[in-house]
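See below for the structure under consideration.
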Amino acid sequence: MKPTFEGPVLFVADMKASRPFYTEVLEQEELFAVEDAYTAYKGFALWTAKDALSMMHKTLPDGTDTPQGRNNLELYFETPALEAALENLREHDVALLNDIHEQPWGQRAFRILDPDGHIIEFAEPMGVVALRFHNQGYSPQEIADKTMTPVDEVKRLITS
């Protein structure tokens, strides 16, 4: 039997702060919640650290009431409206890790922190990147070289 990956579960210190952040600020659809212990979204979930770790370890480890982000995980979201997404987040006073910048492969992105300090990246889809370079006169091979994307995928992106 082949297992199916369903997505990461982020441990959070305070579900009452994290749930509104993901549901209202990031506009993610809540699939279901189990009181203030667990909240499921499409592609990921939140679980209070005290509930998760006490169940896993059969005792409550220290530090479950402090921010759980450790700079070792990033949630990745895409949007073709990168500037509008950033402006919306600024209106909610979200902690900005870095402003919009072009990554070495040509994709524009920015990063924020959630209430626990987990890193969240927002980037433009690679189809937008390929089209931008195509409109600037780059050949499919030049786009492939710059974006580190196979040329066949570049051709698909600029014609779809």
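Residues passing the salt bridge (charged side-chain N to carboxylate O under 4.0 Å, His left out) test with D99 are R90, sequence neighbours excluded. The side chain to side chain donor-acceptor pair (under 3.5 Å) check on Y41 picks up T23, with sequence neighbours excluded.
Contact annotation: the side chain of F133 never approaches that of V154 to less than 4.5 Å [non-hydrogen atoms, C-beta and beyond]. Here the side chains of E91 and E87 are in contact, with some heavy-atom distance below 4.5 Å.
Considering OG1 of T39 and CD of Q28, their distance stands at 13.0 Å, rounded to 0.5 Å. Atom CG of D36 sits about 5.0 Å away from atom NZ of K16, to the nearest 0.5 Å. Atom CD in E74 sits 12.5 Å away from atom NE2 in H118 (nearest 0.5 Å). Here the CD1 atom belonging to I120 is positioned 5.0 Å from the CG atom belonging to L26, to the nearest 0.5 angstrom. Annotation: the span from F110 atom CZ to L82 atom CG amounts to 5.5 Å, rounded to 0.5 Å. For the atom pair OG (S139) and NZ (K146), the distance works out to 13.0 Å, reported to the nearest 0.5 Å.
N135 contributes a side-chain N or O that, together with a main-chain N or O of L131, makes up a donor-acceptor pair within less than 3.5 Å. Within the 3.5 Å criterion, the main-chain N or O of K50 finds no donor-acceptor partner in the side chain of T48.
Among residues at least two apart or in separate chains, salt bridge (charged side-chain N to carboxylate O under 4.0 Å, His left out) pairs with a member in residues 116-137 are E102-R132, R108-E124, R111-E121, E124-R132.
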Step-by-step side-chain contact (heavy atoms from CB on, under 4.5 Å) determination, E30 to R19: CA-CA 9 Å; E30 185 178 302; R19 184 184 289 150; 3.2 Å; yes

side-chain contact (heavy atoms from CB on, under 4.5 Å) between R156 and D152, intermediate numbers included: CA-CA 6 Å; R156 187 191 70 76; D152 289 340; over 6 Å; no

Chi angles and distances behind the side-chain contact (heavy atoms from CB on, under 4.5 Å) call for Y138, I158: CA-CA 11 Å; Y138 286 74; I158 62 178; over 6 Å; no

side-chain contact (heavy atoms from CB on, under 4.5 Å) between L113 and I119, intermediate numbers included: CA-CA 5 Å; L113 299 174; I119 300 167; 3.9 Å; yes

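Hydrophobic cluster membership is shared by M15 and L73, with clusters built from Ile, Leu, Val, Met, Phe, Trp and Tyr side chains linked at under 4.5 angstrom. Residues L96 and L75 share a hydrophobic cluster, clusters being chains of Ile/Leu/Val/Met/Phe/Trp/Tyr side chains in contact below 4.5 Å.
Using bins of under 30°, 30° to 60° and over 60° for the plane-to-plane angle, the ring pair F77/F44 lands in the perpendicular bin.
Residues W105 and Q107 bring a donor and an acceptor atom of their side chains to less than 3.5 Å of each other. Inspection of the Y22 and D114 side chains reveals an N or O donor paired with an N or O acceptor under 3.5 Å.
Heavy-atom neighbours of E35 CD from other residues, nucleotides or ligands within 6.0 Å: at or below the threshold of 12.
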